[in-house]
Amino acid sequence: MPTAPAAAPQAHGGADEPNQFALLRQRRFAPFFWTQFSGAANDNLFKFAFTVMVTYQISVSWLEPAMAGIVIGALFILPFLLFSATAGQLTDKFEKTTLIRVVKNLEIVIMAIAAWGFVVANVPVLLACVFLMGMHSTIFGPVKFAYLPQVLNDRELTGGNGMVEMGTFVAILLGNVVGGLLVALPQVGHASVAIACIALAVAGRAVAQFIPRAPATDPGLKINWNPVTETWRNLRLAHGNIVVFRSLLGISWMWFFGAVFLSNFPAFAKEVLHGNEQVASLLLVVFSVGVGTGSLLCEKLSHRQVEIGLVPLGALGMTVFAVDLYFASRALPAPVGGIYTLSGFLAQPAHWRAMGDLLLLSLCAGLYSVPMYALIQLRSAPTHRARIIAANNILNALFMIASALIAGALLKSGFSIPQIFLIVGLANAVVGAYIFLLMPEYLLRFIAWVLTRIVYRFRVTGEQHIPSEGPAVLVANHVSFVDAVLLMAASPRPIRFIMDSRIFQVPVLGWLFRLAKCIPVAPQKDDPATYQRAFDEAAKVLREGDLLGIFPEGGITRDGQLQPFKGGVMKILEQAQADGVAAPVVPMALTDLWGSFFSRIEKKGAMTRPFRRGVFNRVGLNVGEPVPAAQVTPALLQERVAALLARGS
């Protein structure tokens with residue numbers, strides 16, 4: 001069996017590249033996808049059938065129907081808290097495909113026990129199997145997210161994650177629908193669920209046999225079997241990269257948010273919507289379709305790069321539609337017979353608003369989660385990527401258990417389920433604002449995304465020349481007040497810009513550039529302290545291995561022509577060389593921006609006629625091959641940028 005490469009090669013290009021669905025025809029992805037799919041389907045078929053059974057079919061004095069979904073959800077999540085640290089170590093230490101097959105063997109054993117529990121309707125045994133399936137998923141989680149960046153390149157990562165998220169929620173949809181339908185079959189329902197669970201486990205193990213080998217990333221790792229100390233070590237490891245760690249917190253909040261809805265769907269369908277088991281299944285269908293659709297949209301909206309600018313958009317939608325769901329759920333009419341069938345439920349126009357809110361809420365959750373997962377995979381060191389994912393699973397578990405406890409406490413205190421949805425929706429707005437202020441990169445990328453998708457039609461060519469790692473200086477012509485924002489949108493990595501200090505006085509844009517940690521520079525004769533501070537900060541950026549952006553013309557063009565390049569870039573490179581850093585210089589050319597609202601074409605100044613060129617103007621960025629630091633001169637860079645300008649957009 002062939003061995004997958006330890007690091008996938010970089011691939012770049014434009015619209016002619018195959019989209020994310022092409023991965024389903026490739027052995028490096030397809031068997032893994034279907035293994036993940038079958039496992040997610042089995043988890044949810046089992047859990048939802050069990051939840052419906054104890055909510056609608058059998059009475060257990062110590063497990064109230066309204067609490068059944070919350071208890072089962074919390075029990076499934078508990079192993080993530082207990083065993084994620086160990087699972088992350090195992091994934092980094094051992095070959096991943098072998099580990100996947102061991103996990104799928106374990107699933108067959110657990111489902112055999114669960115099958116007996118369904119046949120005899122033994123609730124304690126089924127609860128034990130919920131815990132064991134949680135442990136199975138705990139081990140598989142780090143493998144899943146560590147495998148993808150090992151076999152996909154950077155430009156496939158968003159699409160690959162989107163496919164996995166879509167597949168997961170389609171599997172959730174099918175698992176829940178099939179589980180709900182099978183368990184409701186007269187006389188044979190429980191036996192049918194038992195057979196389906198075993199069949200899915202066997203199918204998952206069979207397809208796992210075709211997954212290519214994925215070598216261990218840290219085979220010399222010594223396993224720490226103490227879950228408490230290793231959990232703490234993993235959290236500290238994740239905290240070492242603050243952007244990654246705060247992204248982990250953002251994902252964990254998304255799971256808190258989603259768990260409140262998913263665990264309450266059966267009770268929401270029964271007590272608020274007055275529906276039967278089929279209505280409960282419909283809620284899960286709508287939710288799953290929404291998340292799957294949002295996940296697939298990520299690649300289209302991000303132009304095949306890791307676009308975290310979609311995260312604020314998703315967060316905003318999650319709040320808006322959660323709040324509207326509360327208003328849509330108030331005072332819904334009860335049916336004459338006491339409970340709606342599926343057809344009766346769909347015949348009521350008042351119910352369609354609630355369904356629309358659920359669909360759009362979950363679509364926004366997909367836009368929120370996929371870029372965050374891709375960012376974590378991209379910016380985590382390969383040698384301990386699985387342990388970072390394990391830290392994510394630990395945090396997810398803590399947040400999901402907290403969601404179960406808080407939702408349960410609110411229910412016990414007399415809050416209705418729609419009121420809980422409202423509280424969580426409002427809390428999402430507060431959490432989102434806090435995260436985006438702590439991590440302005442998300443907000444900046446959102447602004448850049450809006451500018452390049454709505455204000456302009458932005459096309460980038462040669463983006464493969466922007467280094468995916470290590471220090472580099474990006475030089476571009478200076479045409480408008482939003483040049484830096486456009487360059488941000490073109491780069492998957494953050495860029496620190498040196499900019500004329502006067503631009504920081506422009507309303508709104510000045511705030512934006514301060515948020516982006518742009519470096520103000522002034523002429524040496526006017527402000528020698530600011531001048532020197534700018535070059536010191538630029539040297540620090542390159543020492544830390546980051547991207548530095550400069551506009552060598554020294555100011556925005558007033559006639560649309562390329563101005564002579566000044567020598568500041570040479571001073572930056574000399575300082576970097578003194579620090580032992582040989583940073584390449586990447587020439588770039590912004591095209592078709594002259595004459596736009598943000599340029600200085602108007603005699604009265606920029607930004608005076610917002611629609612002088614209409615809307616959705618086409619603008620472009622051409623990126624040239626990096627120039628080694630030893631070969632750089634201002635004249636050469638100006639020549640390269642001029643040649644890129646001549647290509648047009």
Side-chain angles (χ1 to χ4, degrees), residues 38-83 102-140 171-206 259 262-267 270 276-278 280-281 284 397 400-401 404 408:
S38 65
N42 211 7
D43 281 345
N44 288 278
L45 187 154
F46 166 60
K47 286 192 298 175
F48 193 66
F50 183 28
T51 303
V52 169
M53 186 177 82
V54 295
T55 302
Y56 289 96
Q57 297 178 348
I58 65 175
S59 178
V60 181
S61 59
W62 46 271
L63 186 60
E64 298 177 17
M67 295 294 294
I70 293 173
V71 170
I72 291 170
L75 198 58
F76 184 81
I77 291 303
L78 183 59
F80 284 88
L81 185 61
L82 299 177
F83 306 121
V102 170
V103 170
K104 301 310 288 185
N105 290 337
L106 176 63
E107 182 183 353
I108 294 173
V109 174
I110 297 169
M111 286 295 98
I113 299 170
W116 179 83
F118 271 113
V119 170
V120 300
N122 189 312
V123 173
V125 166
L126 290 172
L127 286 173
C129 288
V130 169
F131 179 84
L132 291 173
M133 282 302 287
M135 185 173 70
H136 151 274
S137 296
T138 299
I139 300 171
F140 190 78
I172 290 171
L173 183 158
L174 293 176
N176 286 317
V177 170
V178 173
L181 292 175
L182 290 180
V183 78
L185 292 174
Q187 285 90 43
V188 298
H190 295 183
S192 299
V193 171
I195 294 170
C197 286
I198 293 176
L200 274 173
V202 171
R205 175 60 183 88
L262 288 169
S263 62
N264 282 290
F265 277 166
K270 181 179 180 180
N276 62 8
E277 299 98 321
Q278 293 177 332
S281 296
L284 288 157
M400 292 175 75
I401 290 171

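The residues of the chain are indexed from 1 along the displayed sequence.
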For this session: Report yes if some heavy atom in the side chain of L78 is under 4.5 Å from a heavy atom in the side chain of F131; otherwise report no.
Result: yes
For this session: Evaluate the criterion side-chain contact (heavy atoms from CB on, under 4.5 Å) for residue pair M400 and F80; output intermediate values, then yes/no.
Result: CA-CA 10 Å; M400 292 175 75; F80 284 88; over 6 Å; no
For this session: Over all heavy atoms of both residues, which pair between A49 and V183 is shortest? Give the atoms and the distance, please.
Result: O-CG2, 3.7 Å
Seminar exercise, completed: In short, I72 meets L127 closest at the heavy-atom pair CG1-CD2, 4.3 Å
Exercise. Closest heavy-atom contact between S137 and D43?
Worked result: OG-OD2, 2.9 Å
For this session: Please collect all side-chain hydrogen bond (donor to acceptor under 3.5 Å, both in side chains) contacts where either partner lies in residues 111-131, sequence neighbours excluded, each pair once.
Result: none
Problem set entry | Interatomic spacing from CG in N42 to CE in M111 - rounded to 0.5 Å | 5.5 Å
Exercise. Closest approach of L45 and V193, non-hydrogen atoms and distance?
Worked result: CD2-CG1, 3.9 Å
Exercise. Checking side-chain contact (heavy atoms from CB on, under 4.5 Å) for the pair K47/M133: CA distance, chi angles, key distance, verdict?
Worked result: CA-CA 9 Å; K47 286 192 298 175; M133 282 302 287; over 6 Å; no
Problem set entry | Inter-residue atom distance F140.CZ - E107.CD, 0.5 Å rounding | 9.0 Å
Problem set entry | CZ on F76 to NE2 on H136, rounded to 0.5 Å | 8.5 Å
For this session: Apply the test side-chain contact (heavy atoms from CB on, under 4.5 Å) to residues L106 and V103: give CA-CA distance (whole Å), side-chain angles for both, the deciding distance (0.1 Å), then the verdict.
Result: CA-CA 5 Å; L106 176 63; V103 170; 5.5 Å; no
Tabulate below the donor-acceptor pairs under 3.5 Å that side-chain atoms of residues 197-206 make, not counting sequence neighbours, or state none.
residue	atom	partner	partner atom	Å
R205	NE	N105	OD1	2.8
R205	NH1	Q209	OE1	2.9
R205	NH2	Q209	OE1	3.2

Exercise. Roughly how far apart are L262 CG and N44 CG, rounded to 0.5 Å?
Worked result: 8.5 Å
Exercise. At their closest point, which heavy atom of S38 faces which heavy atom of K104, and how far apart are they?
Worked result: OG-NZ, 4.1 Å
Seminar exercise, completed: Heavy-atom closest pair (A114 atom, L126 atom, distance to 0.1 Å) is O-CD2, 3.5 Å
For this session: List for me each residue that meets ring-ring contact (aromatic ring centres under 6.0 Å, His included) alongside F50, sequence neighbours excluded, and say none if there are none.
Result: none
Exercise. Rounded to the nearest 0.5 Å, how far apart are CG of L182 and CZ of F48?
Worked result: 12.0 Å
